[in-house]
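Presented below is the structure to which this report refers.
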Amino acid sequence: MLESVWHQGTGLRWQGVQSSLRVLPVVPSGDSADAAALWMACAQLQQQGYPVVVLDGTEQETPALPGLQDLLQPRLGYAHTALPADTGNPLSVATLPAARGMVQLQHKASVTGTRPLELLYRYVRNHALVVLLAPAPLLVGMLQGCRQAPLQLVPAQSRNVVSSYRALKQVVAGSGLMPRLVAMRPADYGLDPVLKSLSQCALRHLQAEPLCEQFDPLQPRHLQRWALQCLEHAETVQPPQEMAAREAAFSSSSPAVWSH
């Protein structure tokens with residue numbers, strides 16, 4: 001329930017309140033093992049003092065399972081209020097259904113001329129990292145103005161190569177960003193054929209070779225290193241007031257342009 005997540009750890013707020021926020025967009029593979037590994041990586045970050053919230057765009061909000069959509073509704077009393085981070089329980093990763101909320105954020109962003117992630121900031125600013133987990137068509141709209149490439153988890157089954165390439169192509173076409181491909185496989189597995197096929201398809205048809213990574217999430221050191229890499233490569237979102245101040249400073253320092 002949203003209420004239980006909302007009240008967890010009140011008073012145990014992330015030290016980075018009003019600091020920059022990291023957002024990690026992820027295209028899921030559909031494999032349950034990959035979803036579990038992503039959750040373990042989030043738990044690793046929380047154990048190291050980086051509170052994480054997962055906004056799950058593969059799940060729709062419902063009355064029984066409220067989520068991001070409900071945070072965006074002023075009538076529910078959450079407007080301008082941030083979801084508190086539960087720093088007292090590192091193994092409890094806050095996860096909210098977010099499919100409807102992501103659609104609403106994108107619509108509001110198009111109306112106001114604001115990036116979706118800037119609109120999202122106020123609700124999740126108590127966290128160090130926000131994971132946006134969503135299918136490519138939904139995730140693309142959240143990537144407006146992003147500079148860091150999203151992650152795309154690579155499924156283990158070769159029959160999913162075509163659908164995975166379609167998702168990769170949607171991300172590139174909709175955002176201009178080439179996803180970083182991640183295959184989670186046993187240490188002795190060898191080069192993953194699906195990862196190789198996806199990379200070759202991108203190079204052949206899109207004339208761009210994606211960055212690829214393969215590691216064993218059951219190896220603690222591998223998982224910890226990947227978790228920190230996720231934090232490092234995530235998109236940085238500045239507080240709205242800081243962003244406005246920077247833009248104003250840039251405008252005042254820019255030379256005037258005269259038209260004739």
Side-chain angles (χ1 to χ4, degrees), residues 1-2 5 22-48 50-62 64-68 86 89-102 124 127-140 142-143 149-168 170-171 179-187 189 192 194-195 198 210 212-231 233-235:
M1 296 294 291
L2 181 60
V5 175
R22 297 294 183 93
V23 179
L24 183 69
V26 180
V27 179
S29 66
D31 292 353
S32 58
D34 289 350
L38 180 62
W39 183 90
M40 289 190 295
C42 293
Q44 282 269 0
L45 289 174
Q46 292 204 147
Q47 287 177 312
Q48 296 179 60
Y50 300 101
V52 180
V53 59
V54 179
L55 300 181
D56 188 356
T58 69
E59 294 288 342
Q60 290 195 357
E61 302 89 328
T62 67
L65 290 173
L68 178 60
D86 183 14
N89 186 0
L91 295 180
S92 177
V93 179
T95 304
L96 298 179
R100 297 179 186 272
M102 287 187 190
V124 291
H127 294 79
L129 179 69
V130 179
V131 177
L132 297 181
L133 184 69
L138 178 58
L139 191 65
V140 162
M142 299 295 296
L143 299 178
L151 297 184
Q152 181 170 343
L153 305 184
V154 177
Q157 299 297 323
S158 58
R159 66 173 180 267
N160 294 324
V161 169
V162 174
S163 59
S164 296
Y165 173 70
R166 186 179 299 116
L168 181 148
Q170 287 175 324
V171 172
R180 299 168 62 95
L181 301 180
V182 179
M184 301 183 189
R185 306 291 184 263
Y189 190 82
D192 181 62
V194 181
L195 179 63
L198 276 178
C212 299
E213 184 176 7
Q214 180 175 329
F215 75 98
D216 185 352
L218 298 182
Q219 299 288 330
R221 286 190 299 178
H222 294 183
L223 182 68
Q224 183 180 34
R225 182 170 63 248
W226 183 70
L228 292 174
Q229 287 175 349
C230 287
L231 187 64
H233 294 301
E235 180 76 12

Side-chain touch Val23/Leu132, heavy atoms, less than 4.5 angstrom = yes
Under 3.5 Å, is there a donor-acceptor pair between the side chain of Gln214 and the main chain of Asp192?
-> yes
Look up atom CG in Leu195 and atom CG in Leu153, then write down how far apart they are to the nearest 0.5 Å.
-> 11.5 Å
Please confirm whether the backbone N or O of Ala33 pairs with a side-chain atom of Asp31, one donor and one acceptor, at under 3.5 Å?
-> no
Might you work through the side chain to side chain donor-acceptor pair (under 3.5 Å) test for Gln60 and Arg100, ending with a clear yes or no?
-> CA-CA 6 Å; Gln60 290 195 357; Arg100 297 179 186 272; 2.8 Å; yes
Does the side chain of Arg22 reach to within under 4.5 Å of the side chain of His127, using non-hydrogen atoms?
-> no
Testing Leu129, Val52, Val54 for side-chain contact (heavy atoms from CB on, under 4.5 Å) with Leu24, which one passes?
-> Leu129
Beyond-backbone contact of Tyr165 with Asn160, side-chain heavy atoms, under 4.5 angstrom | no
Inter-residue atom distance Leu138.CG - Leu143.CG, 0.5 Å rounding | 10.0 Å
Using modelled atom types only, decide if a donor and an acceptor are shared between the side chain of Ser163 and the backbone of Val161 within a distance under 3.5 Å.
-> no
So, do Phe215 and Leu223 sit near enough that their side-chain heavy atoms are less than 4.5 Å apart?
-> yes
Could you check if a side-chain atom of Leu198 sits within less than 4.5 angstrom of a side-chain atom of Val154, using non-hydrogen atoms only?
-> yes
Criterion side chain to side chain donor-acceptor pair (under 3.5 Å) on Asp34 and Ser29, from CA distance to verdict = CA-CA 7 Å; Asp34 289 350; Ser29 66; 2.6 Å; yes
Sub-4.5 Å side-chain heavy-atom contact between Gln152 and Leu168 | yes
Tell me, do Leu55 and Val130 make a side-chain contact under 4.5 Å, heavy atoms counted?
-> yes
